[in-house]
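In the text below, chain A, chain B and the rest are named by the order of the sequence lines, each starting its count at 1. Note that the structure is a prediction, hence the values are computed from the model and not measured.
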Amino acid sequence: MRLVTWNVNSLKARWPRVPELLDAHAPDVVCLQETKLAADAFPHAALAELGYVAVESSQGRWNGVALLVREGLTVADVSDELPGNPVPEEARWIEATVEGVRVASVYVPNGREVASEWYPRKLDFLAAMRDRLAPVVAAGPTVVAGDFNVAPEDQDVWDLAAFPEGATHVTGPERAAVAALVDLGMVDAQRAVQPQGEAFTWWDYRGGAFHRGHGLRIDLALVAGLGVTAVTVDRDARRNNAAGDKPSDHAPVVVDLSR
DNA sequence: ATGTCACGCTGGGCGTGA
């Protein structure tokens, strides 16, 4: 099974680059985040023309997650319920069973600043994920992929000095919350194939961050009950393309899994 | 250089979020 996770930063704005992604990688499943579309605006018909069926949790202006599944694969037991979610009004979680694999697309809250009210909500969201995933991992093959808004290790940050006291994404509690998911019996797919070295997935739009290598690895795929045979970050998708279609600030991560 | 993008509301810029 080939799975891609991609924070599109608006599916409407990114639409010209969706066929490009599907052509380039021919994924079985795509986990999308930040679709920023209302449910009645979700492009189900256009995706069907590309050979994909979508299930989604949509909100409108902000957030929004989806699973795109290649036509012909079995999809069952779709749910956007995350018990204990501290922000249930925000569309940040969708899961379904695809060909017997429980797959979730997640958009973890940003957290903004450690001193803000949003930081503890981020930690509570990650704790809710742990509680939800514990029985799922115990039950069978599982993938949870998306924008975790946490850089798990120092090597996942271009410069720690850019994250002084009070900055999120690199704090001990955030990293411990992600480690607690791994401790359920999951592996961080990128680190399963490449234990050391940069594999950034996000670069700020500002300041020429992509060109300067100022990135973070915050888009993760955690896997249980399956082998990980390859993981690549599609950096071409972060560049401007020949047609001038703007990129997301996140690159897609392509994950190959084996039974 | 906090230097960009995308949204909604608007009636051509601003507030919000990342």
Quiz prompt | Residue A/Tyr205, side-chain atoms from C-beta onward, closest of B/dC5, B/dC7, B/dA18 | solution = B/dC5
Quiz item: How is A/Phe210 classified with respect to the nucleic acid when contacts are heavy atoms under 4.0 Å: base, sugar-phosphate, or nothing?
Solution: nothing
Quiz item: If you pin A/Pro247 and A/Tyr107 to their nearest nucleotides in DNA chain B, which one's is more 5'?
Solution: A/Pro247
Exercise. Would you classify A/Arg212 as touching base, sugar-phosphate or nothing, given that sugar-phosphate means primed atoms plus P, OP1 and OP2, and contacts are heavy atoms under 4.0 Å?
Key: base
Practice problem: Take A/Trp62 and A/Ser10, find for each the nucleotide of DNA chain B with the closest heavy atom, and name the residue whose nucleotide sits nearer the 5' end. | Solution: A/Ser10
Quiz item: A/Arg121 has an atom CZ; how far is it from atom C1' of B/dA18, in whole Å?
Solution: 16 Å
Quiz prompt | Pairs where residues 120-131 of chain A contributes a residue and the test side-chain hydrogen bond (donor to acceptor under 3.5 Å, both in side chains) is met, not counting sequence neighbours | solution = A/Glu117-A/Arg121, A/Lys122-A/Glu174
Quiz item: Does one hydrophobic cluster hold both A/Leu67 and A/Val136, with members joined at side-chain heavy-atom distances below 4.5 Å?
Solution: no
Quiz prompt | A/Lys12 side-chain proximity, nearest of B/dA18, B/dC7, B/dA6 | solution = B/dC7
Exercise. Give a yes/no answer on whether the side chain of A/Arg14 brings an N or O atom under 4.0 Å of OP1 or OP2 in B/dA6.
Key: yes
Practice problem: Round to a whole Å and report the spacing from CG of A/Asn7 to P of B/dG17. | Solution: 17 Å
Exercise. Could you check which of B/dC7, B/dC5, B/dT4 has an atom nearest any side-chain atom of A/Lys246?
Key: B/dC5
Practice problem: Write down the distance between NE2 (A/His169) and P (B/dA18), rounded to a whole number of angstrom. | Solution: 9 Å
Exercise. Mind calculating the distance between CH2 (A/Trp15) and P (B/dA6) to the nearest angstrom?
Key: 16 Å
Exercise. Treating Ile, Leu, Val, Met, Phe, Trp and Tyr as nodes and any side-chain heavy-atom pair under 4.5 angstrom as an edge, say whether A/Phe125 and A/Leu220 lie in one connected cluster.
Key: yes
Exercise. Rounded off to whole Å, could you give me the NZ-to-P distance for the A/Lys36 and B/dT16 pair?
Key: 15 Å
Practice problem: Round to the nearest Å and state the distance from A/Gln59 atom CD to B/dA6 atom P. | Solution: 19 Å
Exercise. Please report, rounded to the nearest Å, how far the P atom of B/dA6 is from the CG atom of A/Asp249.
Key: 9 Å
Self-check item: Basic-acidic side-chain contact under 4.0 Å: A/Asp147, A/Arg92
Solution: no
Practice problem: Starting at atom CD of A/Glu113, determine the distance to atom P of B/dG17, rounded to an integer number of angstrom. | Solution: 13 Å
Quiz item: Are any of A/Arg206's side-chain N or O atoms less than 4.0 Å away from OP1 or OP2 of B/dC5?
Solution: no
Quiz item: Taking A/Asp28 for the side chain and A/Arg2 for the main chain, is one N or O donor matched with an acceptor at less than 3.5 Å?
Solution: yes
